[in-house]
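Working notes for the structure below.
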Amino acid sequence: MIVCIAEKPSVAKDIARILGATTAKDGYMEGNGYQVTWTFGHLCELKEPNDYSENWKHWSLAALPMIPLRFGIKLIPDDGIKKQFSTIEKLYAGADEIINCGDAGQEGELIQRWVMQKANVKCPVKRLWISSMTDEAIQQGFQNLKDQQQYQPLYMAGLSRAIGDWLLGMNATRLYTLKYGQNRQVLSIGRVQTPTLALIVNRQKEIDNFKPEPYWVLATIYRDTQFTATSGKFTSKEEGEKAFATIDGKPFTIKSVQKKKGTETPPHLYDLTSLQVDCNRKFGYSAETTLNLIQSLYEKKFTTYPRVDTQYLSDDIYPKCPQILNGLSQCKIDSQPKYMPWIKDLAAMSKKLPKSKKVFDTSKVTDHHAIIPTGVPVKSLTIMEQNVFDLVATRFICAFYPDCKFSTTTVLGEVDGIEFKVTGKEILEPGWRSLTESTSSKNEKSDTLSNNMASQEEEQPKFHALRDEIGGETAALPTFTKGESGPHTPTLTEKQTTPPKFYTEASLLRAMETAGKFVEDDELRAALKENGIGRPSSRAGIIETLFKRKYIRRERKNLVATPTGIELIDMIHEKLLTSCELTGIWEKKLRDIEHRKYDASQFIEELKAQISNIVNDVLRDNSNRRVTILSDEELEKKTKKKSAPKSTEKKASTKNTSLKPSDELIGKSCPLCGKGRIIKGKNAYGCSSWKEGCKFVLPFNDKA
């Protein structure tokens, strides 16, 4: 008898149906020479300290560090798990061969290996390795079963990760709780969670300690277009006023008009992190919510394996793409065949699908390829699942569309020796951008606005139109001719330097991916992934753990550290616990173990030595430092107090002025904030200090 074991009952039932094991038994399916059973995720875990030593049952500084001579596993204490394991154990005892059908990743391998180890398996074991749950993929997988020994490095990497987390988590958590926790709360320390918390805390300190400095920007309005002085900002008002006086009343002359054509290739396909980032930015979904949604789509056979960190497809996927696109053409979003027109247009462009190295590159794919649709027409999706699927499907279709072609126009002007500049972008051929919501840079900008600015604009939607018409780098420009000249309206605007932005889940995921380094470039970010902290599949859980431990909280989309979280990071002097770079090096070693480039035993021995050093350093601390522990009620009060609107905050208003809409207002001082100058937009007059939060708007048709 051949015994197959999957990670979940739903997956096992699909496999059993395809294999012809259709007779339901207690805890498994049987038929056609197969018995198909399942786990419920992890059935086993590493033993707890009290399982190793009587001395470790009670929390005591004297018992640290706790380093077992040999690590062992045990069943998770749960009646349902015990019953299912008993079933699996009996099936394994009578098996001629076992087929490991666990999720094709590091954690999936660890789950099944521990169950086999606990059941003392002796028979041969094969491995089913697939990237999607379609019937075709499962059938092909069973036709190409691998020897489980092939995946020994994957198991060793997973085991090393688990042991490393145990060593650091168990020892450091007890150490800091007993030393600094006031016996009121467990101070949880983790290999990934603590440096992640440090990222949030350090960013928050930058914001709290930030001292804004004023500066002045010289600009002018010529032919309803705002030009900005190329000489940069003025650090003193006197300097700015001197430059203003130089150009006031003198004609503005166009010096040059340059047009340059460019192209923008389609975005990379999704890996898990980039999907979580987009879902957080576009829909406000947490990283954990996105992971659960894409996992559900995978199990429903609509998308491929989600826990991946590559954005490429292997070359053998290319021949399957026409079939996937055909399946997508039959998918309905909001009851409409959304993708059919796009796929028809794609077919009309070329008889053969283009094959780009930016999409298909086997050398950049290890165990799994990027997340793509399977081609199975979707049905019975929740709104949230539909949103996630739509992102994946649209990104996949975009990959075969032509580049976006655009023209960038740079216009230079001059007034009495002072140079001014404006830049505009015009889309010539939208290409792949015709498929996306963000068909222009204005939508891209709105994705990356600070939360404060976003909330201000939600309260005053007229600003969206105003923002895109004035001073925007990508606003459409009038036709200018070299040598033309005319009157203009200069402005001198006082601004202030701004602090860094709070982390959101989207920006925190990116920071974790690149070990805290801020990287815009896709290619460079991909290179830094090797030293990121946490795995793509575990980062969502790490963020949720920080919430559960009350180390961080949400303020709208912002992630804000609590006093407990801040003081905990301040308390930790050991760089190994808080440094993203050092933790990223650990992650690199774990990946190297998986790829046979590093020895697992060496990793564990190094970690044991590091843990011993950390314990000794903390025990030598003779200060009387303690971490503030807030109750739920205290934390809630603090949150409400901090988020309460200030009574002195200025409200957007045009009704308290006697202003009438007129171009004569342009360049005059803003009546609301007193700092900016009035400028003209497409539908309204506004303040040049709108970026700093001024909400003055006077629509053209205002009757006030």
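Hydrogens, waters and symmetry mates are skipped; everything else that's a heavy atom, side chains included, is used.
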Close side-chain approach of T578 and P195, heavy atoms under 4.5 Å: no

Sub-4.5 Å side-chain heavy-atom contact between Q84 and T39: no

Positive for side-chain contact (heavy atoms from CB on, under 4.5 Å) with P306, one of I294, V388, L297: I294

Nearest-0.5 Å distance that lies between atom CD1 in I76 and atom CD1 in I81: 4.5 Å

Under the salt bridge (charged side-chain N to carboxylate O under 4.0 Å, His left out) test, residues paired with K301 that sit two or more places apart: D14, D135

Over 12 foreign heavy atoms within 6.0 Å of CD, Q323: no

Neighbour count >12 (heavy atoms, 6.0 Å) for atom CD, E581: no

Residue from L590, I163, D592 passing side-chain contact (heavy atoms from CB on, under 4.5 Å) with F603: L590

More than 12 heavy atoms from other groups under 6.0 Å of NZ on K8: yes

Aromatic centroids of Y305 and H369 separated by under 6.0 Å: no

K74, NZ: over 12 other non-hydrogen atoms inside 6.0 angstrom: yes

Donor-acceptor under 3.5 Å (S538 side chain, G534 main chain): no

I372 and I317, any side-chain heavy atoms less than 4.5 Å apart: yes

Neighbour count above 12 (heavy atom, 6.0 Å) for K332 NZ: no

Side-chain H-bond candidate by donor/acceptor type, R127 with Y151, under 3.5 Å: no

Distance (rounded to the nearest 0.5 Å) between I18 CD1 and M133 CE: 7.0 Å

Distance-minimising heavy-atom pair for A12 and T37: CB-O, 3.7 Å

Heavy-atom pair with the smallest gap, counting every atom of S314 and F360: O-CD2, 3.7 Å

Test log, rule side chain to side chain contact (heavy atoms under 4.5 Å, CB included), inputs L187 and Y551: CA-CA 9 Å; L187 295 178; Y551 292 160; 4.1 Å; yes

Shortest non-hydrogen separation from L328 to Y339 and the atoms involved: O-CD1, 3.5 Å

Side chain R539, main chain L509, donor-acceptor under 3.5 Å: no

Close side-chain approach of L568 to T194, heavy-atom, < 4.5 Å: no

Full working for side chain to side chain contact (heavy atoms under 4.5 Å, CB included) between F400 and C321: CA-CA 10 Å; F400 301 102; C321 290; 3.8 Å; yes

D51 side chain to E48 backbone, donor-acceptor under 3.5 Å: yes

Residue pair F283 / L293, side-chain heavy-atom distance below 4.5 Å: no

Whether W166 and W56 hold their rings parallel, tilted or perpendicular, with breakpoints at 30° and 60°: tilted

Flag side-chain contact, heavy atom, 4.5 Å: N326 against Q330: yes

Trace of the salt bridge (charged side-chain N to carboxylate O under 4.0 Å, His left out) decision for R113 with E109: CA-CA 6 Å; R113 292 288 190 112; E109 191 70 17; 2.8 Å; yes

Kindly list each side-chain donor-acceptor pair under 3.5 angstrom involving residues 90-104, sequence neighbours excluded, with atom names and distances?
residue: D96; atom: OD2; partner: M1; partner atom: N; Å: 2.3
residue: N100; atom: OD1; partner: G102; partner atom: N; Å: 2.9
residue: N100; atom: ND2; partner: Q148; partner atom: OE1; Å: 3.1

Interatomic distance, W59 atom CH2 to L175 atom CG [nearest 0.5 angstrom]: 10.5 Å

Sidechain-backbone polar pair: T545 side chain, G541 backbone, donor-acceptor under 3.5 Å: yes

Where K358 and P266 come nearest, the two heavy atoms and their spacing: NZ-O, 3.0 Å

Shortest non-hydrogen separation from T273 to P536 and the atoms involved: OG1-CB, 4.2 Å

Flag, side chain of N280 to backbone of Q276, donor-acceptor distance under 3.5 Å: no

Flag, side chain of T310 to backbone of A370, donor-acceptor distance under 3.5 Å: no

Option from E594, E513, E107 for which salt bridge (charged side-chain N to carboxylate O under 4.0 Å, His left out) with R535 holds: E107

pair L576-W586: side-chain heavy atoms closer than 4.5 Å: yes

Closest heavy-atom pair and its distance - T304, S132: CG2-CB, 4.0 Å

Side chains of S274 and D271, donor plus acceptor under 3.5 Å: yes

Spatial distance of atom OG (S10) from atom NZ (K300) [nearest 0.5 Å]: 10.5 Å

ring-ring contact (aromatic ring centres under 6.0 Å, His included) against Y598, all qualifying residues, sequence neighbours excluded: none

Interatomic distance, S579 atom OG to I572 atom CD1 [nearest 0.5 angstrom]: 12.0 Å

Inter- and intrachain pairs under salt bridge (Lys or Arg N to Asp or Glu O under 4.0 Å), touching residues 164-176, at least two apart: D165-R191

Working for side chain to side chain contact (heavy atoms under 4.5 Å, CB included), residues D78 and F40: CA-CA 11 Å; D78 176 271; F40 308 116; over 6 Å; no

Pairs under 3.5 angstrom only: tabulate donor-acceptor contacts from the side chains of residues 60-71 to other protein residues two or more places apart or in another chain.
residue: S60; atom: OG; partner: A62; partner atom: N; Å: 3.2

Test item: L43 and K118 side chains (from C-beta on) under 4.5 Å apart, heavy atoms: no

Cation-pi check, K355 onto Y318 ring (under 6.0 Å, within 45° of axis): yes

Any donor-acceptor N or O pair under 3.5 Å, side chains S53, N55: no

Whether E505 side chain and S286 backbone form a donor-acceptor pair below 3.5 Å: no

Residues L269, I371; criterion side chain to side chain contact (heavy atoms under 4.5 Å, CB included); working and verdict: CA-CA 7 Å; L269 297 171; I371 304 170; over 6 Å; no

Between CG on residue L577 and OG1 on residue T583, distance to nearest 0.5 Å: 8.0 Å

No-hydrogen, no-angle side-chain donor-acceptor test under 3.5 Å, E299 and Q295: yes

Got a list of side-chain donor-acceptor pairs under 3.5 Å for residues 19-36, not counting sequence neighbours?
residue: E30; atom: OE2; partner: Q35; partner atom: NE2; Å: 2.7
residue: N32; atom: ND2; partner: L19; partner atom: O; Å: 2.8

Within 6.0 Å of CG in D79, more than 12 heavy atoms from elsewhere: no

